[in-house]
Amino acid sequence: MAKRLLDTLATVVTRFGGKSVNLLVFLIVARQLSLAEMAIYGFVFSTTLIFSTMLDLGIRNSLAVFVGQEPDRAASYTRASFLVWCVLAAVGVPISYITLHLSSLSIDIAALAPPFSLLLAAMLYLRMMQGTLLGEGDIRLFNTSELISRFVLLPCTLLLLAIPGSFTLMSAMWVLALSQLVAALYLFARQYRFIFRPSANTLALTRRLIARGFLFMLAVLLMNAAKRVSFLVVSHVEPEAAAGLFFSLQRLTEIITEVGMAIAVVAFSYSVRAKSANDAVEGSAAMSRVAMVLFTLISVAMVASSSISVPLLLGARFAVDGWLFPLLVGTTLIGAPWTILFPSLSVVLSPARVLLLMLPGVSLNILTALPLTRAYGLEGAALSMLLSNLVLTGSFLVLYKVKFGIPMNRFLVIGRSDLSGLGTLAGKITSRIKR
C-alpha cells in the first residue's frame, strides 16, 4: 500500500509541477492573446488531443498490457509501436489541414497547419511510446518524459514576453509544438536501442497491438469527447470571445483532471502487473477515495475564491457572474472518479465492456450540448458536461458494485486503512529526506 501511494505521490507531484508550469504559461497566454485568439488556441489544443487519441489506435494501452505480461518481449513490442507511429504521424498532416479548413473560426490555415501537424505528431509519439514505461512500471522515466516539455515551454514563453512584439498566436503555437517535440525526442533517445533492435515478428506483433488497442482507443476517444464536446459546440454556435472565455475557465478547473489522470496512470501501471483482478480493483478503489479528499478541498477553495482568484489569474476580462465557473468546477470534481478508474478497469475487464459502459454518459453530452447551449449559453454547455460526468461516474460505481461487490463509498470516502497507509508513506518520505 505504501509503495503504491509513494508512486502515486511521485506522479501527482510531477503532474502538479508540470501543471503549475502549464498553468503559468496558460495565464501568460490568456493575458497576451485576445479572447478570439484564445478560441483558436483552444480549438487547436482540443482537436489535437482528440486526434492524438484517435491515431494512437489504443496502442499505448495494449503496449503497456503486453509488456507487463511479457517483459522479455518489450523491445519487440516497442519497435512495432514505433513503426506504426511513423505511418500515423504522416497521416496527421492532411488531418491537420482538413480540421482547420472545416473550422468556423477565423483561422489562417497555411500558417497554423505546420505547428498543428508537428504538435500532433509529437503528442502522438509520447502517448504511444509511454506504453512501454507503464508496462515495465518505470514510473520515474514516465514522469521525466512528462516534465521535459515543461522545461522547454516555460523558458520559451518567457522569452517571447521579453522580446517586444513577439508574443502572437502563431509564436505561442510554435512554442507549444516545440516543447512537445523536445519531449518526444528525449523519449526516443531513451528507447532507440529497443526501436532499432531487429525483430523477426514485427508485423504479427503490430496486428496484436492494434487488435487489442482499437476498442480501447474508442473508449479513450469517448473519454476525451466527454471533456471537449461542449467547448467544440460553443466554438461553433457562440461568438469567438465567448468560446475563448469558456475554454480558458475550463482549463483553469482542469487541475483536478490533471491530478486525477496522474493517479489513473499509477493505477493502470499496477493493474497490468497485478496478480489478480481483486488486487487491481482494491488498489484502484484506494487511490480513488484518497484522491477525492484532495479534489474536494481544491474544488471548494476554487469556488470560494473565484470572484478574486479568476480575474487575478486570468485578467479582468475573465471575471464572470452566475454559475458558469462553479458548474465547470463541479463537472471536474464529479468526473474525477471515473477518470481515475477508467484505465485500470479496461485491464480488469476489457476495452469493449468499458466502451459500452461509457456510451450512455458521453451520448448524453453529445445530445444535450447543442440545445442547452442555445437555451442557456455557456452555462448550458457546462451543465451538459456536468450531467454527462454524473452519469459516467454513476455507471462506473454501479458496475464495480455489481461485478466486484465493492460499495460506492469505498471509492469516495477515506477509511482507517488509508490513514494508516498515509502514515506509513509519511514515515518513508521523512526517512528519505533525512538521508
Side-chain angles (χ1 to χ4, degrees), residues 49-50 52-69 127-128 130-131 134-135 208-229 257 260-274 276-289 291-292 332 334-366 385 387-408 410-412:
L49 183 64
I50 291 173
S52 65
T53 302
M54 290 176 61
L55 293 176
D56 165 60
L57 300 179
I59 286 180
R60 174 180 181 163
N61 172 272
S62 54
L63 179 59
V65 170
F66 290 138
V67 168
Q69 295 173 347
R127 179 173 182 82
M128 291 175 64
Q130 283 175 340
L134 296 175
R208 192 178 182 200
L209 287 167
I210 295 175
R212 190 197 186 282
F214 185 75
L215 288 175
F216 183 79
M217 177 272 291
L218 294 179
V220 176
L221 187 59
L222 288 182
M223 178 184 183
N224 287 326
K227 303 175 188 301
R228 300 299 167 195
V229 164
T257 305
M261 287 306 301
I263 296 169
V265 163
V266 179
F268 173 69
S269 181
Y270 273 88
S271 294
V272 300
R273 294 175 289 121
S276 68
N278 286 336
D279 288 344
V281 169
E282 287 292 343
S284 298
M287 290 184 183
S288 175
R289 59 180 178 261
M292 287 307 295
T332 54
I334 290 171
W338 77 263
T339 301
I340 294 172
L341 298 173
F342 162 72
S344 56
L345 185 60
S346 69
V347 176
V348 175
L349 295 179
S350 69
R353 294 186 67 177
V354 176
L355 174 65
L356 294 175
L357 181 66
M358 296 177 66
L359 276 176
V362 178
S363 298
L364 179 64
N365 190 195
I366 294 172
M385 290 177 61
L387 295 174
S388 171
N389 277 275
L390 186 62
V391 172
L392 282 164
T393 291
S395 300
F396 272 72
L397 296 184
V398 168
L399 183 140
Y400 273 99
K401 170 64 176 176
V402 173
K403 179 70 177 177
F404 303 104
I406 301 181
M408 295 185 183
R410 290 278 297 279
F411 294 91
L412 304 174

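Every heavy atom of this structure was used, including side-chain atoms; hydrogens, water molecules and symmetry mates were not. Nothing here was measured: the structure is a model prediction, and the numbers come from that model.
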Examine the side chains of Lys227 and Thr339 and answer whether a donor and an acceptor come within less than 3.5 Å of each other.
-> yes

Answer yes or no: is there a donor N or O on one side and an acceptor on the other, between the side chain of Arg60 and the main chain of Gly131, under 3.5 Å?
-> no

Would you please classify the geometry between the Tyr400 ring and the Phe404 ring as parallel, tilted or perpendicular, with 30° and 60° separating the classes?
-> tilted

Any donor and acceptor pair, going by atom type alone, linking the side chain of Ser62 with main-chain N or O of Ile59 inside 3.5 Å?
-> yes

Smallest heavy-atom separation, Arg228 atom then Ile50 atom, equals CB-CD1, 4.1 Å

State whether the side chain of Asn389 and the backbone N or O of Met385 hold a donor-acceptor pair below 3.5 Å, judged by distance alone.
-> yes

Looking only at non-hydrogen atoms, find the nearest pair between Val362 and Ala225 and report the distance.
-> CG1-CB, 4.1 Å

To the nearest 0.5 angstrom, please state how far the CG atom of Leu397 sits from the CG atom of Leu341.
-> 7.0 Å

Do Leu345 and Leu357 touch side chain to side chain, with heavy atoms closer than 4.5 Å?
-> yes

Starting at CZ of Phe214, measure out to CG of Leu209 and round the result to the nearest 0.5 Å.
-> 14.5 Å

Would you indicate whether the side-chain heavy atoms of Arg353 and Met358 approach each other to under 4.5 Å?
-> no

Spell out, as yes or no, whether a donor-acceptor pair under 3.5 Å connects the side chain of Asn61 to the backbone of Val65.
-> no

Straight-line distance of Leu399 CG to Trp338 CH2, nearest 0.5 Å = 14.5 Å

So CD1 of Ile340 and CZ of Arg289: to nearest 0.5 Å the spacing works out to 12.0 Å

On a heavy-atom basis, the closest approach of Leu412 and Met292 is O-CB, 3.9 Å

First locate atom CD of Gln130, then atom CG of Asp56, and finally report the distance between them rounded to the nearest 0.5 Å.
-> 10.5 Å

Just do the side-chain contact (heavy atoms from CB on, under 4.5 Å) check on Phe396 and Val354 with the steps written out, would you?
-> CA-CA 9 Å; Phe396 272 72; Val354 176; 4.3 Å; yes

Any side-chain heavy-atom pair from Met128 and Leu55 closer than 4.5 angstrom?
-> no

For Met54 against Leu221, the heavy-atom pair lying closest together | CG-CD1, 3.3 Å

Considering all heavy atoms of both residues, which atom of Pro407 and which atom of Lys401 are nearest to each other, and what is their separation?
-> CA-CD, 4.1 Å

Looking only at non-hydrogen atoms, find the nearest pair between Leu134 and Ala64 and report the distance.
-> CB-CB, 4.0 Å

Give a yes or no answer on whether the side chain of Ser388 reaches the backbone of Leu364 with a donor-acceptor pair at less than 3.5 Å.
-> no

